[in-house]
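Below you'll find the structure, written out as structure tokens, and then a few comments.
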Amino acid sequence: MALISLRQLLDHAAERGYGVPAFNINNMEQGLAIMKAASKLDAPVILQASRGARSYAGDPMLKAMVTALAEMYPKIPVVLHQDHGNNEATCLTAMQHGFTSVMMDGSLEGDAKTPASYEYNVDITARVTQMAHAVGASVEGELGVLGSLETGEGEKEDGHGFEGRLSEEELLTDPEQAVDFVSKTRVDALAIAMGTSHGAYKFSRKPDGEILAMHVVEAINRKLPNTHLVMHGSSSVPQELQDLFNSFGGEMPQTYGVPVEEIERGIRCGVRKVNIDTDCRLAMTAAFRQIASEKRSEFDPRKFLIPAMDAMEHLVADRFERFGCAGNASKIQPIPLSEMAARYLTGSLYQDSEAA
Ligand code: G3H
Ligand code: 13P
Ligand code: ZN
């Protein structure tokens, strides 16, 4: 199946009330694990590549890989999305390499570290949206800075994100400002800040409403019922994976992620895209550790990668099911990007983005 736009997929998800996990990929094995699970469950797929993934694998490799995956699984609609684009060049070169969707993360300046002004964010996001829509690609914007409500700090684990103290105002997206942002930028999806952060170390205890502000999601959804919301930093960091990782020599201090039931609550309130990377990394590396420890003479990489893919496939399948995404791939008729561009031009895709 041809690649489709994020907007088409999230419109479908909104009509039918489900959420779509967006999994980060860097290599063939992650791509295969996701597509195998999707194909077994008839689930549409969002594959997203960070700037780090693009420099790790190279754009031609990523493009060839995703094209091949779409060919191998012709019944599964696939979105190829740029995760956390930091400027126009990142977003435009992604589209040149076949990405059908980009995130213009203007919550931070181009260095991906310094919190940006609201005006900067609106300006750069609106410009990228105008260019992307001209070719039928979709845009996700971000309002608010990801970070911890527990420590009041931005995240730093993945080497991007703000390192330092943030006010509660910066850490929580303001619903009124979200309305203004969506109407000025015309984004297709809006990532919001509500206490999640990237990586394994999100919370020091099982999160409650104090540190995982699901009420902010609900408030934004009340103001913007027709806007597709995006939750970043949404790995659950399952206890069993932490235990497996640690039981084979890993050293991961006890940590807590976003409980899947909180994500399900978000999906009932307009969350349509749920970003997951850490859980997939942990599933794979726990399997590597287990093989390395139990079969100490093993040196065929495939003997590590096959169980790692199986572990990731298992995790991915669970999220497709829990988010209600399973069973929907076959219900989607791909719309070519040229047709999406024509619809943006006539304005028909903008009418619904007005606030309630
Ligand atoms: O945005 C965060 C994702 O987990 C990507 O991480 O930049 O290490 O590829 P990365
Ligand atoms: P996790 O680190 O929680 O998996 O979040 C990934 C993410 O938000 C990518 O943009
Ligand atoms: Zn993210």
Side-chain angles (χ1 to χ4, degrees), residues 6 19-27 29-31 33-34 46-59 61-62 79-86 90-91 94 99 101-108 111-113 139-148 154-163 171 173 189-203 207 211-212 217 229-238 241-242 245 252 255-260 262-263 266 271-286 312 315-316 318-319 323:
L6 181 72
V20 190
F23 297 113
N24 287 72
I25 58 161
N26 294 267
N27 58 39
E29 286 76 12
Q30 292 173 313
I34 296 162
I46 302 171
L47 300 176
Q48 58 185 10
S50 64
R51 287 195 293 145
R54 286 177 65 186
S55 62
Y56 173 78
D59 287 335
M61 181 64 77
L62 277 176
V79 173
L80 177 57
H81 176 80
Q82 167 74 55
D83 191 24
H84 293 283
N86 61 322
T90 299
C91 294
F99 286 57
S101 178
V102 295
M103 175 185 194
M104 178 56 239
D105 182 356
S107 71
L108 300 171
D111 62 2
K113 287 188 192 307
V139 178
E140 171 186 338
E142 174 164 323
L143 186 60
V145 182
L146 294 189
S148 164
E155 51 166 37
K156 46 186 176 276
E157 192 186 329
D158 284 340
H160 57 85
F162 176 62
E163 297 185 27
L171 287 165
T173 303
L190 177 68
I192 56 181
M194 18 76 81
T196 64
S197 50
H198 294 129
Y201 306 104
K202 302 180 194 304
F203 305 109
I211 55 177
L212 175 61
V217 182
L229 303 181
V230 183
M231 277 174 68
H232 279 249
S234 290
S235 278
S236 302
V237 203
L241 289 182
Q242 292 183 48
F245 183 84
M252 176 173 277
T255 182
Y256 297 85
V258 183
V260 177
E262 297 294 343
I263 300 172
V271 170
R272 298 290 159 230
K273 176 172 179 279
V274 182
N275 283 16
I276 297 175
D277 187 0
T278 296
D279 283 352
C280 298
R281 294 177 177 191
L282 187 55
M284 291 194 110
T285 51
M312 181 164 158
L315 183 284
V316 164
D318 178 77
R319 300 304 183 266
F323 299 171

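None of the values given here were measured: they were computed from a predicted structure. When a ligand or atom number is given, it counts from 1 through the structure's own listing order.
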I276 N/O under 3.5 Å from ligand 2 N/O
no
Going by side-chain hydrogen bond (donor to acceptor under 3.5 Å, both in side chains), name the residues that satisfy it together with E262, two or more places apart in sequence or in a different chain.
R265
Within-cut-off N or O pair, N275 and ligand 2, under 3.5 Å:
yes
Hey, is N24 touching ligand 2 through its side chain, its backbone, both or neither, going by heavy atoms under 4.0 Å?
side chain
Mind checking whether N24 has an N or O less than 3.5 Å away from an N or O of ligand 1?
no
Which angle, to 10 degrees, forms at the Zn ion (ligand 3) with ND1 of H232 on one side and NE2 of H84 on the other?
90°
Within-cut-off N or O pair, H232 and ligand 2, under 3.5 Å:
yes
Only counting residues at least two apart or in another chain, list the ones meeting ring pair (Phe, Tyr, Trp, His ring centres under 6.0 Å) with F323.
none
Check each heavy atom of N275 against ligand 1 and say whether those closer than 4.0 Å belong to the side chain, the backbone, both or neither.
neither
So, 4.0 Å and heavy atoms of K202: is ligand 2 close enough to count as a contact?
yes
Compute the minimum heavy-atom distance from R51 to ligand 1 and say whether it is under 4.0 Å.
no
Which option out of D83, V230, D277 puts a heavy atom nearest to atom 9 (C) of ligand 2?
D83
